[in-house]
Number of protein chains: 2
Amino acid sequence: MLLSTKGDYGVRAMIDLAKHAGEGPVQRSEIARRRQIPESYLDHLLAQLRRAGFVRSTRGPSGGHELAKPASDINLLSLLEALEGSLAPLGCLEPAVGEEATESICGQNWVWQEIYDEMRARLAAVSLAELVEHEREHERQAVISYNI
Amino acid sequence: MLLSTKGDYGVRAMIDLAKHAGEGPVQRSEIARRRQIPESYLDHLLAQLRRAGFVRSTRGPSGGHELAKPASDINLLSLLEALEGSLAPLGCLEPAVGEEATESICGQNWVWQEIYDEMRARLAAVSLAELVEHEREHERQAVISYNI
DNA sequence: CGATACCTGAGTAAAACACTCAACAACAGC
DNA sequence: GCTGTTGTTGAGTGTTTTACTCAGGTATCG
C-alpha cells in the first residue's frame, strides 16, 4: 500500500476545506465528523498541512482552518508528497543525497521509474478543485439514482 | 513504498534463475551470493515462488531451483502479485470480499484507480525475459565505458 | 547410510502505523 | 483581565508489518 491513512485523511480534509471555502474557518471537529477522521489524529495532519503552506489556522472561539490558497492552485501531487513524503514505489528510486542509483543489482528499476514518472505526472495534473467537482458530481448521481 | 524487499529480492532471484536457465538446478547459496540476498530469507521467497508455480525445486546433492516455465511466459505483474499480494496503492481499491467500494468518502479514489490500471497494464507487458535482456544490455554498457 | 540440499514453521528485533493524552498558547467576548 | 473556546505541540503507546534468523525436518544422490 503506497498511501497510508495520512494521505487518505489529509486529502479528505482538504476536500472538506475546499468545499467550505469562503465561509470562514472550519473547525476540526466538523471536519472530523463529516469525513470520519479521528479528531486528535486530524490535529497532526492539519499541522503538517499548515507547515507545508496549504492551510491557514486561526485560534480562539470561532477559529478554525481554511485554505491558504485557491483550490485550483493546489495539485494532488504536492499535497500527497507533503503528507506522505516520497511516493516512490521502490527504495532504489530517488536515492539518498550523495549516493548514486544502485541500478546494477535491482533489475526492475527501469520499469518502475517509468511508472513512477507517469504517476507523478498524472497526480500533478489533478487539482483540489477537480476533486471537489468530482465529489459534487458523484453526489448528484447518488441523488438521481435514489429518486428513481 | 509500494514494494517491500520481497518483491525486490524475489524478482532478482527470478532474473538469476532465468539467466542460468538450461544449465540445471541453481542452488540458493549461489543466488544469495550473486544477488546479495540473505540466504535464509531467500528460502521463504523461493517457497512462495514454487507454490505460485514459477519455480521447480529438486532436493538432495546437486539439487537446486530452476524456472518451471520459459522466462518469456512470466510477466512482472503476476510475479510481483505472487510475492507481495495486491499492489493496490490505496486500501479503498480492491475491497474485501463481500464489500462494495466505499467511494463515497474517499474522494481521490478515481484518480488512483486510473493510475493503478495503467500500472498493472505496464507491469503485465514486461516479461522476465525482457528483464534479463535489459540486464545484459546494461552489463555491456558498463564494460564498454570501462574499456574507454 | 550419510552428506547435501531443500522445506517448514516458529520466533524475534526493529521499524512503521495509527492513533491518544496532556499541557500549552492564543484569541473573542463579556 | 478573566473565562472559555479553539488551535499547537510533543511525548507516549498498543498494534501491525517487515525482515529477517534458527531449529528442526524431509527428500535425494552416491
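Chain naming here is simple, since letters A, B, ... match the order of the sequence lines and numbering starts at 1 in each.
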Pairwise 5' ranking along DNA chain C for E39(A) and P61(A), keeping only the more 5' one: E39(A)
Between D43(A) and K6(A), the residue closer to the 5' end of DNA chain C by nearest nucleotide is K6(A)
Over how many whole Å does the gap from [X] atom [atom1] to [N] atom [atom2] extend?
X      : N       : atom1 : atom2 : answer
L46(A) : dC19(C) : CG    : P     : 15 Å
R56(B) : dT28(D) : CZ    : C1'   : 16 Å
L3(B)  : dT18(D) : CG    : P     : 11 Å
R28(A) : dC19(C) : CZ    : P     : 16 Å
E30(B) : dC6(C)  : CD    : C1'   : 14 Å
Q36(B) : dA19(D) : CD    : C1'   : 17 Å
L2(A)  : dT17(D) : CG    : P     : 17 Å
M1(A)  : dT17(D) : CE    : P     : 9 Å

On the nucleotide [N], are OP1 or OP2 found under 4.0 Å from the side-chain N or O atoms that [X] carries?
X      : N       : answer
S4(A)  : dA18(C) : yes
Y9(B)  : dA19(D) : no
S57(A) : dT8(D)  : yes
S62(A) : dA28(C) : no

In plain terms, say whether [X] and [Y] are close enough for a salt bridge, that is, a side-chain N and a carboxylate O under 4.0 Å apart.
X      : Y       : result
D8(A)  : R12(A)  : yes
K19(B) : E135(B) : yes
R34(A) : E30(A)  : yes

Give a yes-or-no answer on whether the side chains of S29(B) and E39(B) include a donor-acceptor pair shorter than 3.5 Å.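 Note: S29(B) and E39(B) side chains miss the donor-acceptor criterion.
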May I ask you to verify whether the side chain of H65(A) and the base of dT6(D) hold a donor-acceptor pair under 3.5 Å? no
Taking the minimum atom-to-atom distance to the side chain of [X], which one of [options] wins?
X      : options                  : answer
R50(B) : dT8(C), dC19(C), dA26(C) : dT8(C)
P38(B) : dA5(C), dC20(D), dG7(D)  : dC20(D)
Y41(B) : dC20(D), dA18(C), dA5(C) : dC20(D)
H44(B) : dA10(C), dT20(C), dT8(D) : dA10(C)
R51(A) : dT9(D), dC6(C), dA19(D)  : dT9(D)
R59(A) : dC7(C), dG7(D), dC20(D)  : dG7(D)

Using modelled atom types only, decide if a donor and an acceptor are shared between the side chain of Q108(A) and the backbone of G7(B) within a distance under 3.5 Å. yes
Report which part of the nucleic acid S29(A) touches: base, sugar-phosphate, or nothing (heavy-atom distance under 4.0 Å, all strands).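 No contact.
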With a 4.0 Å cut-off on heavy atoms, is S40(A) in touch with a base, just the backbone sugar-phosphate, or nothing at all?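 The residue S40(A) makes base contact.
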Heavy atoms only: give me the nearest A18(B)-V132(B) pair and the separation to one decimal.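 A18(B) and V132(B) have their closest heavy atoms at CB-CG2, 3.6 Å.
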